[in-house]
Peer 1: 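This is the structure I have questions about; it appears just below.
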Amino acid sequence: MGSWILAIAILLILFIYEVYQFVMRKKARTVLTEEEFKNGYRKAQLIDVREPNEFDGGHILGARNIPVTQLKQRTSEIRKDQPIYLYCQSAQRSNRAAIMLYKRGYRDIYQLKRGYSKWTGKTKAK
């Protein structure tokens, strides 16, 4: 009987956590199609939150690399008075980055829908 209660409690906690993450993602960033992203990223801070080896393999022209794993330590490199355009390979890490930035007071945050893997615009590789 006790193991059932524990299992239900764990499932309830996981459900609440997922709902919280969903709400935070909706609040923290605006998801843009590739076309919408292309229309605004040149006037914004374009940040690739993938790891350096992924960035070196190819990235959106004009992007700078601040991996999500380093974001907390490097938020001082990001201005609050300019829009922030984020992307990663598939939009998972940029979701986390958007929430992290939102919690630190950034508000004008945009994310590339479906990530770099679906990008057809200009790119650069090292």
Side-chain angles (χ1 to χ4, degrees):
M1 181 77 158
S3 62
W4 283 100
I5 293 172
L6 180 61
I8 291 171
I10 290 170
L11 287 174
L12 184 60
I13 290 168
L14 289 173
F15 176 75
I16 291 169
Y17 176 77
E18 286 301 318
V19 169
Y20 170 77
Q21 288 294 314
F22 175 79
V23 170
M24 285 303 292
R25 281 193 301 269
K26 293 295 262 184
K27 201 192 277 191
R29 62 26 178 177
T30 302
V31 177
L32 301 176
T33 65
E34 181 176 336
E35 199 58 42
E36 293 168 328
F37 200 86
K38 284 178 182 176
N39 288 336
Y41 82 86
R42 288 182 188 90
K43 301 175 209 126
Q45 302 170 88
L46 178 60
I47 301 170
D48 183 326
V49 297
R50 298 175 301 156
E51 292 300 313
N53 62 322
E54 295 172 283
F55 182 81
D56 292 345
H59 56 271
I60 297 174
L61 190 63
R64 64 184 157 138
N65 186 219
I66 303 178
V68 72
T69 55
Q70 300 173 13
L71 194 58
K72 284 182 182 176
Q73 296 81 18
R74 296 180 59 187
T75 50
S76 63
E77 298 175 33
I78 303 170
R79 296 177 56 165
K80 287 187 177 179
D81 64 337
Q82 291 182 347
I84 301 164
Y85 278 54
L86 301 171
Y87 73 92
C88 64
Q89 194 64 24
S90 65
Q92 295 303 313
R93 288 175 280 184
S94 54
N95 273 330
R96 288 198 339 251
I99 291 169
M100 213 179 293
L101 291 170
Y102 185 83
K103 287 179 177 178
R104 292 174 182 263
Y106 295 85
R107 292 295 178 262
D108 204 3
I109 305 169
Y110 302 89
Q111 177 192 34
L112 176 61
K113 185 176 185 176
R114 297 191 317 257
Y116 183 75
S117 64
K118 303 295 183 187
W119 180 256
T120 62
K122 293 182 181 180
T123 62
K124 180 181 180 182
K126 279 194 171 182

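What you are looking at is a predicted structure, and each value in this text was computed from that prediction instead of being measured.
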Peer 1: How far does CD of E18 sit from CD1 of I13, to the nearest 0.5 angstrom?
Peer 2: 13.0 Å
Peer 1: Determine, using the 4.5 Å side-chain heavy-atom cutoff (strictly less than), whether Y110 and Y116 are members of one ILVMFWY cluster.
Peer 2: yes
Peer 1: Quick one: closest heavy-atom pair of T123 and W119, and the distance?
Peer 2: CG2-CD1, 3.6 Å
Peer 1: Taking atom NZ of K38 as the centre, does the number of heavy atoms from other residues, nucleotides or ligands within less than 6.0 Å exceed 12?
Peer 2: yes
Peer 1: Quick one: closest heavy-atom pair of P52 and P67, and the distance?
Peer 2: CD-CG, 3.8 Å
Peer 1: At their closest point, which heavy atom of L46 faces which heavy atom of G62, and how far apart are they?
Peer 2: CD2-C, 4.0 Å
Peer 1: If two hydrophobic side chains count as joined below 4.5 Å and joins carry through other members, does I16 share a cluster with I8?
Peer 2: no
Peer 1: Determine, using the 4.5 Å side-chain heavy-atom cutoff (strictly less than), whether I109 and L32 are members of one ILVMFWY cluster.
Peer 2: no
Peer 1: Are L101 and I47 connected, step by step, through hydrophobic side chains (Ile, Leu, Val, Met, Phe, Trp, Tyr) whose heavy atoms are closer than 4.5 Å?
Peer 2: yes
Peer 1: Does Y106 reach the side chain of T75, with side-chain heavy atoms less than 4.5 Å apart?
Peer 2: yes
Peer 1: What's the spacing between Y85 OH and T30 OG1 if we round to 0.5 Å?
Peer 2: 9.0 Å
Peer 1: For the CD atom of E34 and the CG atom of L112, what is their distance to the nearest 0.5 Å?
Peer 2: 6.5 Å
Peer 1: Suppose the criterion is side-chain hydrogen bond (donor to acceptor under 3.5 Å, both in side chains): which pairs have a residue in residues 41-54, not counting sequence neighbours?
Peer 2: Q45-R64, D48-R50, D48-Y87, R50-Q89, E51-T69, E54-R93
Peer 1: If I compare all heavy atoms of C88 with all of S94, which pair ends up nearest, and what's the gap?
Peer 2: SG-N, 3.3 Å
Peer 1: Between L71 and I78, is any pair of side-chain heavy atoms under 4.5 Å apart?
Peer 2: yes
Peer 1: Do any pairs count as a salt bridge (Lys or Arg N to Asp or Glu O under 4.0 Å) and have a residue in residues 67-88, sequence neighbours left out, and if so which ones?
Peer 2: R74-E77, R79-D81
Peer 1: Should L86 and V31 be regarded as members of a common hydrophobic cluster, given that ILVMFWY residues are connected when their side-chain heavy atoms come within less than 4.5 Å of each other, either directly or indirectly?
Peer 2: no
Peer 1: Checking the side chain of E36 only, and the main-chain atoms of T33 only, is there a donor and an acceptor separated by less than 3.5 Å?
Peer 2: yes
Peer 1: Please tell me if the side chains of Y102 and R29 come closer than 4.5 Å, counting only heavy atoms from C-beta onward.
Peer 2: no
Peer 1: Kindly give the heavy-atom pair with the smallest separation between A28 and A98, and that separation in Å.
Peer 2: CB-O, 3.7 Å
Peer 1: Is there side-chain contact between H59 and N65, with at least one heavy-atom pair below 4.5 Å?
Peer 2: no
